[in-house]
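Working notes, structure below.
Every chain is numbered from 1, with letters handed out A, B, ... down the list of sequences. It should be emphasised that the depicted structure is a prediction, and the values quoted were computed from it without experimental measurement.
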Amino acid sequence: MEDTNSLIQIRIDKINEIRDNFGINPFPYKYDVTHYSNEIIDGFDRYFENQERVSIAGRIMAVRIMGKASFCTIQDKEGKIQLYIADANIGELHYNMFKKLDLGDIIGVKGTVKKTKVGEITVYIDELTLLTKNIRPLPVVKEKDGEMFDLFADKELRYRNRQIDLIVTPGVKETFKKRISIIRNIKKILDSKDFFEVETPVLQPVYGGAAAAPFTSHHNALDINLFLRISLEPYLKRLIVGGFDRVYEIGKCFRNEGIDRTHNPEFTMLELYQAYGDYNDMMSLAEELIVDTAMQVNGTTELSFDGKQIDLKTPWKKMKMTDAIKEYSGLDVMSMSDDELKAEVKKHGGDIKGDYIRGLAIDELFQLLVEHKLIQPTFITHQPLETTPLCKPDIEDDRFLQRFELFINGTEFANAYSESNDPVFQRKTLYNQSLRRDIDEEAPPMDENFVQAIEAGMPPTGGMGIGIDRLVMLLTGEISIRDVLLFPTMKPE
RNA sequence: GAGGCGUUAGCUCAGUCGGUAGAGCAACUGCCUUUUAAGUAGUGGGUCCCGGGUUCAAGUCCCGGACGCCUCACCA
């Protein structure tokens, strides 16, 4: 705000000059746009033959002035297009004003379409309207034959000023358009299967549904602490109890943890719950959601991610967690003693919070030895009972769960359960979990209201959570979560 | 949390052994009616991230800090 550097001052002076000497308002209220740049380029033959007059608006990205005529490239929401602007066509006053304009200004123009002698589709304009004067210079990015020069490269500046990044860095807008398409397609599929999209509280008196440190806030009028949700699960299950039968929410969750290439403190989760279904239904739904979306946005199930070739073609591999450990590390955890398990966890640099629990040691070994090796889509099933309090035990072996985690490229993409609905079991497991808060600060507190909801009777239900940001990363090839978040969390400067 | 690297003009970047701060683009003043990283002649533009220290002299060397990026650790 206090920036008084001369580049900005020069442009402020121009605003006054345009107003006072040209009698033109640099900030008019409205402009009637009839076409976007891509329509003109795609439908050039028609516009040229009919000599149809088009009206377009956009931001000036490049200017080449040659005395009494100029070429200028503007960018609208769909792309770029060249303009031909001549003194003889728009009048001396407006041409002189045009020469005062800068890269970054927004103009509206009307004219007809033709190709230049070197074949570039160009709007030969007969009317020029200044729509907004820029006073803060944009980074100047140039391009020749597809090669970019002087790209806006400083990631810190790009993330802190995403609006500028969107204007000047090729491909950024496309990534976010793809993100929107991905979410839209998931909603379309779920809507078609009769799932209701719902909104549940972000501010919660008790948090749960995952193990993570929460953000805390305070409500002044009620004088109570509130937590930002760490998952969507507790309230969506209340809605299953309430009789919605099929619900989903795509929304922000918040975890007070570190920031890195795959973690942002606020991130977007899809969670869905289907009454009368189980984890098998969730498995086929996961396949359908991800494959159909990949086909919609990429037109193929094959993708290249961080140098790895991945094919999402179904059916995906299924393995019990203990079998996966055996296959990838040779360890037969089913026949190992507790001491042997402890030794293996320690040997591979692992760590178990609090007292030793056999199931958590097995899960830890899986994470240490197997997880990163699961490049092609793989469902890992039958996690040890102790890994979550919210899932039903397996029918055949109650030391394990009716649960799966989906791994792609060594990363968890989905987590699904045959949801726990036995209220006595549920009260016990959540209470036991809350007791672990002394030794595990990520264990959530007891949620009495949630348990009472389950006590009212929740039908057998399959549930699943999918990390939307990671799915967008996978389908766009971006290896940093920051590149699929419009405004990633940054420390203040 | 640990390590590595980085921070110089609006943007992208040079800056040698410690010796008056550089280029391209952008900007400004001109020329130029088919250019396209337009061309062309000229001009201006700096808290060298911040704070200490060493030195006659620090963008440069040393110490501390901020912010960022990368790798690792952590992460239901």
Side-chain angles (χ1 to χ4, degrees), chain A residues 3 5-11 13-14 61-73 80 82-89 95 99-100 102-104 114-120 122 124 134-161 164 168-169 208-213 230-231 233 255-263 265 267 349-351 353 359-360 363-364 366-367 371 383-384 386-391 401 403 405 411-412 415-417 433 440 442-444 465 467 479-480 482 488 490-493:
Chain A
D3 200 334
N5 79 57
S6 63
L7 290 173
I8 287 180
Q9 190 54 52
I10 287 164
R11 294 184 186 203
D13 292 345
K14 284 180 178 180
M61 301 304 287
V63 176
R64 297 174 286 280
I65 296 178
M66 304 156 298
K68 291 192 168 66
S70 300
F71 287 95
C72 162
T73 304
K80 292 182 182 174
Q82 177 168 270
L83 311 177
Y84 178 75
I85 303 168
D87 179 325
N89 299 337
Y95 192 76
K99 288 199 284 187
K100 296 283 173 194
D102 293 289
L103 302 183
K114 246 191 289 188
K115 280 186 182 171
T116 62
K117 69 179 184 188
V118 291
E120 178 156 354
T122 301
Y124 286 69
N134 158 299
I135 64 168
R136 185 173 291 274
L138 300 177
V140 181
V141 176
K142 299 213 172 194
E143 179 250 325
K144 185 189 187 182
D145 301 330
E147 190 182 353
M148 304 308 299
F149 298 85
D150 298 334
L151 274 173
F152 186 37
D154 186 320
K155 287 193 178 182
E156 177 175 1
L157 289 179
R158 289 180 51 208
Y159 298 145
R160 290 189 194 280
N161 302 282
I164 305 301
V168 305
T169 307
I230 60 172
S231 85
E233 180 158 357
R255 295 186 185 176
N256 210 335
E257 293 167 349
I259 296 177
D260 65 24
R261 225 170 46 161
T262 57
H263 295 82
F267 61 102
D351 153 58
K353 285 172 186 149
L360 295 186
D363 188 52
E364 181 77 12
F366 171 81
Q367 290 183 33
E371 190 174 305
Q383 283 74 2
E386 302 93 327
T387 56
T388 172
L390 294 163
C391 182
L401 296 164
R403 171 186 182 188
E405 295 169 287
T411 307
E412 183 184 330
N415 183 23
Y417 309 149
Q433 178 180 249
D440 182 357
E442 293 187 341
I479 61 168
S480 171
R482 290 194 174 94
M490 303 284 280
K491 261 199 187 184
E493 289 170 272

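Contact between the side-chain N/O atoms of Lys14(A) and the OP1/OP2 oxygens of C28(B) is found at a separation under 4.0 Å. When the side-chain nitrogen and oxygen atoms of Lys117(A) are compared with OP1 and OP2 of U35(B), one or more of them lie within a distance under 4.0 Å. For Arg64(A) and U35(B), the shortest distance from a side-chain N or O to OP1 or OP2 is not below 4.0 Å. When the side-chain nitrogen and oxygen atoms of Lys142(A) are compared with OP1 and OP2 of A38(B), one or more of them lie within a distance under 4.0 Å. At the phosphate of C69(B), OP1 or OP2 sits under 4.0 Å from a side-chain N or O atom of Arg482(A). Proximity of Arg11(A) to the phosphate of G10(B): no side-chain N or O atom is located under 4.0 Å from OP1 or OP2. Considering only side-chain N and O atoms, Lys68(A) lies nowhere under 4.0 angstrom from the phosphate OP1 or OP2 of U33(B).
Across all strands, Arg160(A) comes closer than 4.0 Å only to sugar-phosphate atoms, never to a base (heavy-atom distances). Residue Arg255(A) is classed as having no contact, given no heavy-atom separation below 4.0 Å to the nucleic acid. Nucleic acid contact for Phe149(A): base, since at least one base atom lies under 4.0 Å from a heavy atom of the residue.
Base pairing annotation: A2(B) forms a Watson-Crick or G-U wobble pair with U71(B), both donor-acceptor distances under 3.5 Å. Base pairing of U35(B) is not made with any nucleotide, judged by Watson-Crick or G-U wobble geometry with both donor-acceptor distances under 3.5 Å. Base pairing analysis places A66(B) opposite U7(B); the two distances defining the Watson-Crick or G-U wobble pair are each below 3.5 Å. With a cut-off of 3.5 Å on both pairing distances, the Watson-Crick or G-U wobble partner of A27(B) is U43(B).
Each of Phe71(A) and Gln433(A) was assigned the nucleotide of RNA chain B with the nearest heavy atom; the assignment lying further toward the 5' end belongs to Phe71(A). The 5' end of RNA chain B is approached more closely, in terms of each residue's nearest nucleotide, by Pro139(A) than by the other of Glu143(A) and Pro139(A).
Geometric assessment of Lys114(A) against the ring of Tyr124(A) yields a positive cation-pi assignment under the 6.0 Å and 45° thresholds.
Arg403(A) and Glu405(A) are joined by a salt bridge, as a carboxylate oxygen and a charged side-chain nitrogen come within less than 4.0 angstrom of each other.
A donor-acceptor contact under 3.5 Å is not formed by the side chain of Glu156(A) with the base of U7(B). One cannot find a donor-acceptor pair under 3.5 Å joining the base of U35(B) and the side-chain atoms of Tyr84(A). For U33(B), the base has no donor-acceptor partner in the side chain of Tyr95(A) [N/O atoms by modelled type, under 3.5 angstrom]. At a cut-off of 3.5 angstrom, counting only N and O atoms as typed in the model, there is no donor on one side facing an acceptor on the other between the side-chain of Asp154(A) and the base of C69(B).
As a whole-Å value, the separation of Asp260(A) CG from C69(B) P is 11 Å.
One C1' atom belongs to G59(B), the other to C17(B), and the distance between them is 15 Å to the nearest Å.
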